[in-house]
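Structure first, then comments.
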Amino acid sequence: PDGGTYVAVARAFAGSTGDYEMRLDRPATPSLEIHSSTEGSIEDRGDLTVFSFTTISPGTRLRIDLASEDRLGFDLIDPGPTFAVVVEDAAGGQEPALLTLRREGEYHVVVSGRGSSNGEFTLTLTELNVDDLPAGEAIEASILFAGDIDIFELPGTACAAATLAPDAGD
């Protein structure tokens, strides 16, 4: 939420009365480091695990992987704050989220169970390197492991045709 003043209201229901205690806790949000993984768990239905990371330049490209054998997902909240992306389900080999972050600042990744799901997870952030692919030039590269991604920026001209010719070798 935005900064400002909020109001908390305590009231009796059905004629009940008595003493109570109210306290505002601000739990620490664990930081995520880019190019690293962290493990966590969703213990009970409705639980959330929140992580934060900071970017210093708009246009940063990230890959976010949530690995779990359970039906978990995540929301990414940008510094706006608006929801930048919602990934519905990590079970069964969910594809990673590939994002271009539009703002600098602190982002939050909110991991939760979908439906009544709970379980353990591994969350990984990777900054993606983007290479230019000039017209008429070949670039040699390697895919080193399953799920690896190479990204290239291509110059474009309106209404111009282009052909990509990947050579898979052997």
Side-chain angles (χ1 to χ4, degrees), residues 1-8 23-43 45-68 70-115 117-135 139 141 143-160 162 164:
D2 291 335
T5 303
Y6 292 84
V7 176
R23 181 177 76 204
L24 174 63
D25 288 328
R26 295 186 181 189
T29 304
S31 292
L32 287 172
E33 297 297 324
I34 295 179
H35 298 293
S36 67
S37 296
T38 189
E39 295 181 351
S41 65
I42 301 298
E43 298 296 327
R45 180 181 182 171
D47 282 356
L48 304 171
T49 302
V50 181
F51 300 94
S52 66
F53 66 92
T54 302
T55 63
I56 57 172
S57 62
T60 298
R61 293 196 173 143
L62 280 185
R63 172 184 169 146
I64 303 177
D65 292 280
L66 178 66
S68 177
D70 302 291
R71 198 167 163 250
L72 305 179
F74 72 87
D75 302 321
L76 177 65
I77 303 171
D78 75 8
T82 56
F83 286 97
V85 69
V86 176
V87 175
E88 283 300 324
D89 193 347
Q94 174 71 37
E95 291 294 317
L98 304 176
L99 308 164
T100 300
L101 305 179
R102 301 289 178 205
R103 297 182 177 133
E104 65 181 65
E106 186 175 45
Y107 285 76
H108 292 88
V109 179
V110 182
V111 179
S112 63
R114 301 307 196 210
S117 295
N118 59 0
E120 297 179 353
F121 62 86
T122 301
L123 184 64
T124 305
L125 287 183
T126 308
E127 185 172 0
L128 299 173
N129 294 322
V130 178
D131 296 313
D132 289 331
L133 183 60
I139 292 179
I143 299 294
L144 302 176
F145 57 90
D148 197 3
I149 297 171
D150 287 337
I151 298 177
F152 300 94
E153 286 190 344
L154 313 170
T157 305
C159 301
L164 289 177

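Positions are given from 1, in the same order as the sequence printed here.
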Minimal non-hydrogen separation, [X] against [Y], with atom names:
X	Y	result
Glu104	Pro58	OE1-CD, 4.0 Å
Ser37	Thr124	OG-OG1, 2.6 Å
Ile64	Leu76	CD1-CD2, 4.2 Å
Ser112	Leu48	CB-CD2, 3.4 Å

Is there a donor-acceptor contact under 3.5 Å from the side chain of Thr38 to the main chain of Thr122?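 Not at all, since once roles are kept as given, no pair shorter than 3.5 Å links the two residues.
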Determine whether a donor-acceptor pair (N or O, by modelled atom type, separation under 3.5 Å) exists between the side chain of Ser68 and the backbone of Glu120.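 Yes: the side chain of Ser68 pairs with the backbone of Glu120.
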Could you check whether atom CD of Glu127 has more than 12 heavy atoms from other residues, nucleotides or ligands sitting under 6.0 Å from it? yes
Show the numbers, then the answer: is there a side chain to side chain contact (heavy atoms under 4.5 Å, CB included) between Leu72 and Leu66? CA-CA 8 Å; Leu72 305 179; Leu66 178 66; 4.3 Å; yes
Side-chain heavy atoms of [X] within contact of [Y], under 4.5 Å:
X	Y	result
Asn118	Asp47	no
Glu106	Ser52	yes
Leu62	Leu128	no
Thr100	Thr60	no
Phe51	Leu125	no

With side chain to side chain contact (heavy atoms under 4.5 Å, CB included) as the test, would you mind laying out the steps for Asp78 and Leu101 before giving the verdict? CA-CA 8 Å; Asp78 75 8; Leu101 305 179; over 6 Å; no
Enter the distance from [X]:[atom1] to [Y]:[atom2] here, rounded to the nearest 0.5 Å.
X	Y	atom1	atom2	result
Thr126	Arg63	OG1	CZ	6.5 Å
Ile42	Arg71	CD1	CZ	13.5 Å
Leu99	Arg102	CG	CZ	9.5 Å

Contacts of type side chain to side chain donor-acceptor pair (under 3.5 Å), residue Glu43, not counting sequence neighbours: Ser41
Intermediate values then yes/no, side chain to side chain contact (heavy atoms under 4.5 Å, CB included), Val50 and Val109: CA-CA 6 Å; Val50 181; Val109 179; over 6 Å; no
Give me the ring orientation class for Tyr107 and Phe53: parallel if the planes are under 30° apart, tilted from 30 to 60°, perpendicular past 60°. parallel
Please identify each residue that fulfils side chain to side chain contact (heavy atoms under 4.5 Å, CB included) with Ser36, with sequence neighbours left out.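 By the side chain to side chain contact (heavy atoms under 4.5 Å, CB included) rule, Ser36 matches Glu33.
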